[in-house]
Chemist: 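One structure is given below, represented as structure tokens, and several questions about it will come after.
Because the structure is predicted, anything quoted here is derived from the model rather than measured. Every chain is numbered from 1 and lettered A, B, ... according to where its sequence line falls, protein lines coming before strand lines.
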Protein chains: 2
Amino acid sequence: MIDRLEQLYPLESNGYRACAGDAIIESTGPEEAAMADFPAVEMGFGNRKPPATIYDIARQTGVSPSTVSRALNKPGRINVKTEQRIRDAAASLGYRANPMARALPTGRTGTLGLMLSDITNPVYFDLIRGAERVTSAAGQTLVLAESQEAVERELDDAERLLTSVDGLILVASRLHDEQIIELSAVKPVVVVNRLVEGIASMVPDVVPGLSDAVTHLAELGHRSIAYLAGPSASWMNAVRWQTLFHLAGQAGISLVEIGPGSPTMAGGSALLPRVVASGVTAVIAYNDLMALGVLRSCREEGILVPDRLSIIGFDDIFGADLTTPALTTIRSPLAQLGETAARVLSDRSETSIPVSPPTVFVSRASTAAVR
Amino acid sequence: MIDRLEQLYPLESNGYRACAGDAIIESTGPEEAAMADFPAVEMGFGNRKPPATIYDIARQTGVSPSTVSRALNKPGRINVKTEQRIRDAAASLGYRANPMARALPTGRTGTLGLMLSDITNPVYFDLIRGAERVTSAAGQTLVLAESQEAVERELDDAERLLTSVDGLILVASRLHDEQIIELSAVKPVVVVNRLVEGIASMVPDVVPGLSDAVTHLAELGHRSIAYLAGPSASWMNAVRWQTLFHLAGQAGISLVEIGPGSPTMAGGSALLPRVVASGVTAVIAYNDLMALGVLRSCREEGILVPDRLSIIGFDDIFGADLTTPALTTIRSPLAQLGETAARVLSDRSETSIPVSPPTVFVSRASTAAVR
DNA sequence: GACTTTTTGGCAATCGGTTGACACGACCTC
DNA sequence: GAGGTCGTGTCAACCGATTGCCAAAAAGTC
């Protein structure tokens, strides 16, 4: 079978773009598709060559290890001539400083941790991107960890991560305030999408976006709407609900809370029956994923959107504008929050930091006037 | 300003779900939305308490550090009574082993690296999930790195990562074969979506899915189709093109290659004019992102899909079934590849490993019979 | 009771860097 | 020429674990 693969993808020295002139294509039969008998390949976990150390460089150049260390990290401290010799040797040996050996005496690991409930939730894309950009610009490494919405696990992972990181960004953490404060006693911690006293916190200001959304619905004639609640342990869910509660009151719109539900498409879908039963003409969901879940279920149920039900999401994730109808939503400035969080940790600046960029209402096609 | 925020999100000891009865809601004026003057908060980067070490435990229990180390890691080596005393002390001090101090003498870091061109590309979601699942089940940590489609940077990051990781998974790497082989001389390396001689490689078998796709198009009466090429440095792009080339030939369908383009929605959109000019009735894109880009541009240009143009994507990413029309695509078993890759590195098994699970054609609504 | 074996715990070296203290020579100054 | 300064490089301690080897104590054997 491996033969067939190699015929199919003939290798060249540079690995790809081989001429396919004599490749043999044949359909894979069902028996070949079975899991049990994939083509297999041998792993070569054999003898590896240990990476070069400053001791190797020292021996080769005839200086002491400490001189090597200084030549490589303290420009000017060592004679330029010597420094160059050392640099050349380092390059020829393919030297790379061992980050752990370095971290041990210094305490600096050159690494920031980013913890979120679900790495693959599109909501966090821009946030991750933003943090990545800042981190790598500062020559540091960003490590991502996932807590799977489990408090138990989140604390454990956070503690583990904390020991090997210069700072930690907690996004939409489900931990208790005290637990977060405890973590911050060990290493700098920044929380995003949550407000914790005494901890650098960055939350978008939900008022502008939500306010515009409510006005928008009011202008379309909606008098009765629902909020699709996310996880009850989510601080941001509480904020969105409370804010909406007041704004709806001010606008004279009646509001019901439906949920809590899982912050996923499935979670949204599951709540549709209750939405229908409530008789509301519009829903605002905790996030876009839930909104998309509702949207999909509506299509399956034959409920016309936006004619019979208007839907508003939250976050403006990837894909929100690809649906039909395109999803009206409230955009959170997550890229900016990610950047800021990373910058704060990266600079270790004692100065005050920005904390509350505004959300923006994005009007698309999933909202319309009440019939 | 911070006052307003606190009024808006009043804090309680447990952090959320505070009563919002007296919160004050007012619209944010435009001047407040300006970037310059976000509410700010002071960071407390003050004196941190250093984490507990085995020396602290040793002192408290009156034994030597080596005994502590053994009590915690070599069950049975130490008297149960002593071991328990040590465990209790460790717990009361909140001890957490410093992974770097441990890695230094042992060489084992308990960490796997996963490198991909773009963390936030939905294509890789399932792959990341799969790798994460296996890794964390094995008590290890997965660290993600992003290479931004830049070979220079990818090599640099890979080398840096390699020093602090037990093994490395390279996904859709743009590196040269030699570079990858060199990396694998230092630490175990697995490549995904690419075939490199001598390196454990996992690629989906594109034939089944692509074959069904071509048959599908042929049955719908398409006689002339286009392939929207992805990055020319992508091994997988070459494979998809070559395979399609043969399958189309066998089916008697004429085929043109359009591109290469960036593997993004923008990349797909940019190629639409050339698709139109070519006069084909169907396109198969390098990936779903490009297919979605074409789809969106078609909508903007008033080109009906699938009536005037059939579109097939690749990978079946999140959102592919949310569009209108829902995207017909070829699903890659990436979750499985991610799991397998992680398992191979995690077990360090010398045994042979599965390597080529089949792709599956997913027929949805973006393909139809030629008028 | 003397000898052997097993259990239990400590000593010290090691991993690969960093860094404060210091030695040595060159150069400068009065 | 004595004293001071500066530039350059080495020594040795240290970060927090792991682990091979050994010693003391306890248990077992004849």
Chemist: With sequence neighbours left out, what residues match F125(A) under ring-ring contact (aromatic ring centres under 6.0 Å, His included)?
Modeler: F125(B)

Chemist: Less than 4.0 angstrom from a charged side-chain N to a carboxylate O is my criterion; do R160(B) and D157(B) meet it?
Modeler: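 Yes, charged N to carboxylate O under 4.0 Å.
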
Chemist: Taking the side chain as every heavy atom from C-beta outward, state whether M115(A) and L168(A) have any atom pair closer than 4.5 Å.
Modeler: yes

Chemist: In residues 79-93 of chain B, what residues come within less than 4.0 Å of DNA chain C, judged by heavy atoms?
Modeler: N79(B), T82(B)

Chemist: I119(A) vs L144(B), test: side chain to side chain contact (heavy atoms under 4.5 Å, CB included). Steps then yes/no.
Modeler: CA-CA 10 Å; I119(A) 304 185; L144(B) 270 50; 4.2 Å; yes

Chemist: Taking side chain as C-beta onward, heavy atoms only, is D177(B) less than 4.5 Å from R194(B)?
Modeler: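 They are in contact (side-chain heavy atoms under 4.5 Å apart), so the answer is yes.
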
Chemist: Hey, what do you get for CD1 (I181(B)) to NE2 (H176(B)), rounding to the nearest 0.5 Å?
Modeler: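 Here the rounded value is 12.5 Å.
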
Chemist: Under 4.0 Å, heavy atoms only, any strand: does V63(A) hit a base, just the sugar-phosphate, or nothing?
Modeler: sugar-phosphate

Chemist: If we fit an axis to the first five pairs and another to the last five of the helix from dG1(C)-dC30(D) to dC30(C)-dG1(D), what angle do they make, to the nearest 10°?
Modeler: 50°

Chemist: Report yes if a donor N or O on one partner sits less than 3.5 Å from an acceptor N or O on the other, where the partners are the side chain of R77(A) and the base of dG9(D); otherwise report no.
Modeler: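 In this structure, the two groups form a donor-acceptor pair.
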
Chemist: Go through the structure and list residues passing salt bridge (Lys or Arg N to Asp or Glu O under 4.0 Å) with R102(B), not counting sequence neighbours.
Modeler: none

Chemist: For residues 55-80 of chain B, which residue pairs qualify under salt bridge (Lys or Arg N to Asp or Glu O under 4.0 Å), counting only residues two or more places apart or in two chains?
Modeler: D56(B)-R59(B)

Chemist: Nearest whole angstrom, please: distance from the C1' of dA17(D) to the CZ of R59(B).
Modeler: 15 Å

Chemist: Starting at CZ of R96(A), measure out to OG of S164(B) and round the result to the nearest 0.5 Å.
Modeler: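 One gets 10.5 Å once the value is rounded to the nearest 0.5 Å.
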
Chemist: May I have the step-by-step check of side chain to side chain contact (heavy atoms under 4.5 Å, CB included) for L114(B) and L127(B), ending in yes or no?
Modeler: CA-CA 10 Å; L114(B) 177 63; L127(B) 192 149; 4.0 Å; yes

Chemist: With 3.5 Å as the limit, what N/O pairs link the protein to nucleotides 15-20 of chain C?
Modeler:
{"residue": "dC15(C)", "atom": "O2", "partner": "P105(B)", "partner atom": "N", "Å": "3.1"}
{"residue": "dG16(C)", "atom": "N2", "partner": "A101(A)", "partner atom": "O", "Å": "3.0"}
{"residue": "dG17(C)", "atom": "OP1", "partner": "Y95(A)", "partner atom": "OH", "Å": "3.4"}
{"residue": "dG17(C)", "atom": "OP2", "partner": "I54(A)", "partner atom": "N", "Å": "2.9"}
{"residue": "dG17(C)", "atom": "O5'", "partner": "Y95(A)", "partner atom": "OH", "Å": "2.9"}
{"residue": "dG17(C)", "atom": "N7", "partner": "Y55(A)", "partner atom": "OH", "Å": "2.9"}
{"residue": "dT18(C)", "atom": "OP1", "partner": "N73(A)", "partner atom": "ND2", "Å": "3.2"}
{"residue": "dT18(C)", "atom": "OP1", "partner": "R102(A)", "partner atom": "NE", "Å": "2.5"}
{"residue": "dT18(C)", "atom": "OP1", "partner": "R102(A)", "partner atom": "NH2", "Å": "3.0"}
{"residue": "dT18(C)", "atom": "OP2", "partner": "S69(A)", "partner atom": "OG", "Å": "2.5"}
{"residue": "dT18(C)", "atom": "OP2", "partner": "N73(A)", "partner atom": "ND2", "Å": "2.9"}
{"residue": "dT19(C)", "atom": "OP1", "partner": "R108(A)", "partner atom": "NH2", "Å": "3.4"}
{"residue": "dT19(C)", "atom": "OP2", "partner": "K74(A)", "partner atom": "NZ", "Å": "2.8"}
{"residue": "dG20(C)", "atom": "O6", "partner": "R70(A)", "partner atom": "NH2", "Å": "2.5"}

